[in-house]
Amino acid sequence: MENQITIREAVTENDAAAFWEQLHAYHKRDIFTDSDKEELEYFLGQAYRDHMMKINGRPQDRCFFLFFHRGGQDIGFAMPVIFTTEDGKCFIMEFCVYPEFRGSGTGKACAAALLDWAKKHGARYAELNYGGNKRRRRFWKSVGFIENGADQWGEPLMLLPPEENLPITAELLADPEDWQLKKLENGFLKEIGEAPSTEEKQEQLAQAIRDGKITFFVARRGYRAVGMCSVSRCFSTFTCTDVGIFDDFYIEPVFRKKGAARLLAQAAQEWSKENALASLTVTCAPCDEGMYQALGFDTHLGKAFAHLG
């Protein structure tokens, strides 16, 4: 029992002060390089601290300031947020084992203790942003996390797959400004090797949705949007009426092979019929032809060529 890792919450003023002291040291030592000086200053500043203290104090979807404790002393800390009003996601914002205690499996033991603590506090699965750091990616992969797209700012995400196998549904996107659409778009862009969407491009996309130029469908696992597709409306001189272009087809890696792709394709196809589109076409690589045929795109229209000037 002497080597057992326990978790205690920073609840007193002294605990909170100690937590912030260690968090600042971690940011300066392990996270931000000299080239990230401006970003470091923000995380060391009062505005960030006030923001996180507010989240720590709210009654729901709280941020927790936690210490890992072993053998009578603190050996690290974590800062998770459990979104109980959403789908039970535990987002691990910070995780650190103090340098003098690293090695011999201590990191994995602390991660296991944190995940067990989160489950007891209502978490159903866990997610984190590893900042593109290969060492952190290897560590969390060894714990069981899987690379899973990107967040709404384009930062790469990892997710510990949920144990529950909840049903997935597909629906028309209601809010053009939905932050989860931004997250899915960046996951899609990351997968095809493109840069994350800028704020300007995100606003342009939202305006195109509001103008009816493009319609999005999302696949949801409860609250969480796990996939998307779109239909762009355009006029065809061949049919002298509107047709649709199927695009932005993306499912988060953790949630693939669970029926989301078929649900999204069916939703897009049914909507196209209801809105009198003469056809719904998709342009794809040869390796994807079988998949799209299985999803109902079964009429070949030749090859597509593009000029990207």
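One-based numbering along the sequence shown.
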Q.
Please evaluate residues Leu23 and Glu94 with respect to the criterion side-chain contact (heavy atoms from CB on, under 4.5 Å), reporting the C-alpha separation (whole Å), side-chain torsions for both, the decisive distance (0.1 Å), and the verdict.
A. CA-CA 8 Å; Leu23 179 61; Glu94 305 287 0; 3.8 Å; yes
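Side chain to side chain, Arg29 and Tyr98 fail the donor-acceptor criterion of an N or O pair below 3.5 Å. Ser230 and Asp247 form no side-chain donor-acceptor contact under 3.5 Å, judged by distance and modelled atom types alone. Counted by atom type alone, Arg49 and Gln46 present zero donor-acceptor pairs between their side chains at under 3.5 Å.
For the pair Arg135 (side chain) and Arg138 (backbone), a donor-acceptor distance under 3.5 Å is absent. Between the side chain of Glu203 and the main chain of Thr198, no donor-acceptor pair closer than 3.5 Å is present. With hydrogens and angles ignored, the 3.5 Å screen pairs no side-chain donor or acceptor of Arg70 with any backbone N or O of Gln4. Between the side chain of Asp151 and the backbone N or O of Gly154, at least one donor-acceptor pair lies under 3.5 Å. At distances below 3.5 Å, not a single donor-acceptor pair connects side-chain atoms of Asp288 with backbone N or O atoms of Met291. A donor-acceptor contact shorter than 3.5 Å links the side chain of Gln180 to the backbone of Ala225. Between the His121 side chain and the Trp117 main chain, a donor and an acceptor come within less than 3.5 Å of each other. At least one donor-acceptor pair closer than 3.5 Å links the side chain of Thr106 to the backbone N or O of Phe101. Proximity of a side-chain donor or acceptor of Asp211 to a complementary backbone N or O of Lys213 within less than 3.5 Å is not detected. Put simply, the side chain of Asp74 never gets that close to the backbone of Gly76: no donor and acceptor are under 3.5 Å apart.
Hydrophobic clustering (side-chain heavy atoms under 4.5 Å, transitive across Ile, Leu, Val, Met, Phe, Trp, Tyr) groups Phe68 together with Phe65.
Counting only residues at least two apart or on different chains, the side-chain hydrogen bond (donor to acceptor under 3.5 Å, both in side chains) pairs with a member in residues 253-266 are Glu191-Arg256.
Grouping Ile, Leu, Val, Met, Phe, Trp and Tyr residues whose side-chain heavy atoms lie under 4.5 Å apart, directly or via other members, leaves Ile245 alone, with no other cluster members.
Shown are Phe145, Tyr130, Phe95; of these, the ring pair (Phe, Tyr, Trp, His ring centres under 6.0 Å) with Phe139 is made only by Phe95. Considering Leu66, Ile7, Leu115, Val97 in turn, Val97 is the only one that fulfils the side-chain contact (heavy atoms from CB on, under 4.5 Å) rule with Cys110.
Close placement of the Phe246 and Phe297 rings is indicated, their centers lying within 6.0 Å of each other. Taking the six-membered ring for Trp and the full ring otherwise, the centers of Phe67 and Phe77 sit at least 6.0 Å from each other.
The structure places OG of Ser197 at 7.0 Å from CD of Glu185, a figure rounded to the nearest 0.5 Å. Atoms CD1 and CD1, on Ile209 and Ile214 in that order, are 6.5 Å from each other to the nearest 0.5 Å. Considering CZ of Arg221 and CG of Leu166, their distance stands at 4.0 Å, rounded to 0.5 Å.
Using a 4.5 Å heavy-atom cutoff, the side chains of Leu157 and Leu128 are not in contact.
By the 30° and 60° cut-offs, the orientation of the rings of Phe249 relative to Tyr292 is tilted. Ring-plane geometry between Tyr223 and Trp179 is classed as tilted, the angle between the planes lying from 30 to 60 degrees on a 0 to 90 degree scale.
The residues Glu127 and Arg224 are annotated as salt-bridged, a charged nitrogen and a carboxylate oxygen being separated by less than 4.0 angstrom.
Between Pro80 and Cys90, the shortest heavy-atom contact is CB-SG, 3.8 Å.
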